[in-house]
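The structure is given below, and queries will be raised subsequently.
Heads up: numbering here begins at 1 and tracks the sequence. The structure presented is a predicted model; accordingly, all values stated were derived computationally and were not measured.
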Amino acid sequence: QVQLVESGGGLVQAGGSLRLSCAASGRTLGSTGMGWFRQTPGKEREFVAAIGWSGRRTVYVDSVKGRFTIAGDNAKNTVYLQMNSLKPEDTALYFCAARMGLTTPDGMRVGTTYNYWGQGTQVTVSS
């Protein structure tokens with residue numbers, strides 16, 4: 001089992017920044033990548049960003065490109081999401097996820113390719 005714990009969420013004004021962290025523990029050996037997803041009430045979970053440990057490939061949803069940056073430290077089993085120029089529409093519960101198998105770059109965007117999930121951290125952006 002792998003446990004994931006997110007932190008760093010909070011309330012910020014539009015245009016501000018937050019940095020989310022996700023620490024993985026447990027049977028992390030064999031992890032192939034991690035990702036961030038977000039969800040608002042009544043809506044489906046949305047992919048935000050992901051990183052693959054092999055080759056350090058990163059992928060983003062178009063709405064956050066140029067504003068969010070995902071980075072990770074495989075040795076520390078930690079992934080970060082630096083969020084700049086935040087907008088009210090970024091308000092959501094943000095989850096990190098860990099993947100143990102191989103996938104394609106498109107597969108990195110798909111929640112079902114991830115094996116473990118954290119409990120989430122709330123990000124609220126006020127206008």
Side-chain angles (χ1 to χ4, degrees):
Q1 290 288 330
V2 174
Q3 294 79 41
L4 302 174
V5 178
E6 304 98 333
S7 61
L11 173 64
V12 64
Q13 288 188 332
S17 299
L18 283 174
R19 187 192 193 209
L20 305 184
S21 299
C22 176
S25 60
R27 294 180 178 268
T28 59
L29 186 64
S31 172
T32 57
M34 297 182 74
W36 287 96
F37 292 74
R38 64 188 180 188
Q39 189 170 23
T40 55
K43 293 188 177 181
E44 291 189 357
R45 182 180 58 198
E46 175 190 33
F47 167 76
V48 178
I51 184 168
W53 298 133
S54 176
R56 296 288 175 171
R57 178 187 293 270
T58 58
V59 293
Y60 298 90
V61 67
D62 286 347
S63 61
V64 308
K65 283 181 180 177
R67 300 189 297 123
F68 291 11
T69 302
I70 187 170
D73 186 331
N74 194 13
K76 295 182 179 180
N77 298 308
T78 301
V79 66
Y80 307 95
L81 185 68
Q82 178 66 43
M83 306 187 295
N84 298 328
S85 302
L86 282 161
K87 304 176 180 180
E89 51 263 45
D90 294 318
T91 295
L93 185 63
Y94 283 70
F95 300 90
C96 75
R99 188 179 60 253
M100 308 306 285
L102 298 176
T103 190
T104 63
D106 284 344
M108 294 170 67
R109 304 171 181 270
V110 179
T112 53
T113 67
Y114 293 82
N115 305 94
Y116 299 98
W117 295 82
Q119 295 297 309
T121 185
Q122 179 68 37
V123 172
T124 303
V125 184
S126 63
S127 57

Practice task
Tell me, please, which residues at least two apart from Pro88 pass side chain to side chain contact (heavy atoms under 4.5 Å, CB included).
Solution key: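 Ala14, Val125, Ser127.
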
Handout entry: Nearest-0.5 Å distance, OH of residue Tyr94 to CD of residue Glu6
Key = 12.5 Å

Exercise for the section: Step by step, work out the side-chain contact (heavy atoms from CB on, under 4.5 Å) result for Met83 and Val12. Expected result: CA-CA 11 Å; Met83 306 187 295; Val12 64; over 6 Å; no

Problem - Interatomic distance, Arg57 atom CZ to Ile70 atom CD1 [nearest 0.5 angstrom] - result: 13.5 Å

Practice task
Specify the closest pair of heavy atoms between Lys43 and Gln39, including all atoms of both residues, with the distance to one decimal.
Solution key: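 That would be O-NE2, 3.0 Å.
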
Exercise for the section: Compare every heavy atom of Ala49 with every heavy atom of Tyr60, then report the nearest pair and how far apart it is. Expected result: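 Looks like CD2-CB, 3.6 Å.
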
Handout entry: Approximate separation, where rounding is to 0.5 Å, of Ser25 OG and Arg27 CZ
Key =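 With rounding to 0.5 Å, OG (Ser25) is 12.5 Å from CZ (Arg27).
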
Problem - Ring-ring centroid check Trp117 Phe37, cutoff 6.0 Å - result: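 For Trp117 and Phe37, the ring centres are under 6.0 Å apart.
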
Exercise for the section: Side-chain contact test, heavy atoms from C-beta onward, threshold under 4.5 Å: evaluate it for Met108 versus Thr103 and give yes or no. Expected result: yes

Exercise for the section: Identify the heavy atoms of Arg56 and Gly72 that sit nearest to each other, and give their distance. Expected result: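 The pair with the smallest heavy-atom distance is NH1-O, 2.9 Å.
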
Exercise for the section: Check whether Val110 and Phe95 end up in the same hydrophobic cluster, where Ile, Leu, Val, Met, Phe, Trp and Tyr are linked by side-chain heavy atoms less than 4.5 Å apart. Expected result: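 Hydrophobic grouping puts Val110 apart from Phe95.
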
Handout entry: Heavy-atom check, side chain of Val64 versus side chain of Val48, under 4.5 Å
Key = yes

Handout entry: Any side-chain heavy-atom pair of Met34 and Leu4 under 4.5 Å
Key =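 A side-chain contact exists here, since the closest heavy-atom pair is under 4.5 Å.
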
Problem - Side-chain heavy-atom pair Val123, Arg38 within 4.5 angstrom cut-off - result: no

Exercise for the section: Please report the closest heavy-atom contact between Glu46 and Ser63, naming both atoms and the distance. Expected result: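 What the structure gives for the nearest pair is OE2-OG, 4.3 Å.
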
Handout entry: Gln82 CD to Leu18 CG distance, which is reported to the nearest 0.5 Å
Key = 8.5 Å

Exercise for the section: Could you grab the distance from atom OG of Ser21 to atom CG of Asp73, nearest 0.5 Å is fine? Expected result: 11.5 Å

Practice task
State, yes or no, whether a side-chain contact exists between Thr78 and Tyr80 at a heavy-atom distance under 4.5 Å.
Solution key: yes

Completion exercise
Note: Thr40 and Ala92 closest approach over all heavy atoms is CG2-CB, 3.6 Å

Problem - Side chains of Trp36 and Val79 in contact at under 4.5 Å (non-hydrogen atoms) - result: yes

Practice task
Apply side chain to side chain contact (heavy atoms under 4.5 Å, CB included) to Thr124 and list each qualifying residue two or more places apart in sequence or on a separate chain.
Solution key: Leu11, Thr91, Gln122

Fill in the blank from the handout: On a heavy-atom basis, the closest approach of Tyr116 and Met100 is CE1-CG, 3.7 Å

Exercise for the section: Please check if the side chain of Thr113 supplies one atom and the backbone of Gly107 the other of a donor-acceptor pair under 3.5 Å. Expected result: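 Yes, the answer is positive, given that a donor and an acceptor are paired below the 3.5 Å cut-off.
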
Problem - Glu89 atom CD, neighbour heavy-atom count above 12 within 6.0 Å - result: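 Count over threshold, so yes.
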
Fill in the blank from the handout: When rounded to the nearest 0.5 Å, the distance separating CZ of Phe68 from CG of Leu20 is 8.0 Å

Practice task
State plainly whether the residues Lys65 and Asp62 are in salt-bridge range, i.e. N to O under 4.0 Å.
Solution key: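 Judged by the 4.0 Å cut-off on N to carboxylate O distance, Lys65 and Asp62 do form a salt bridge.
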
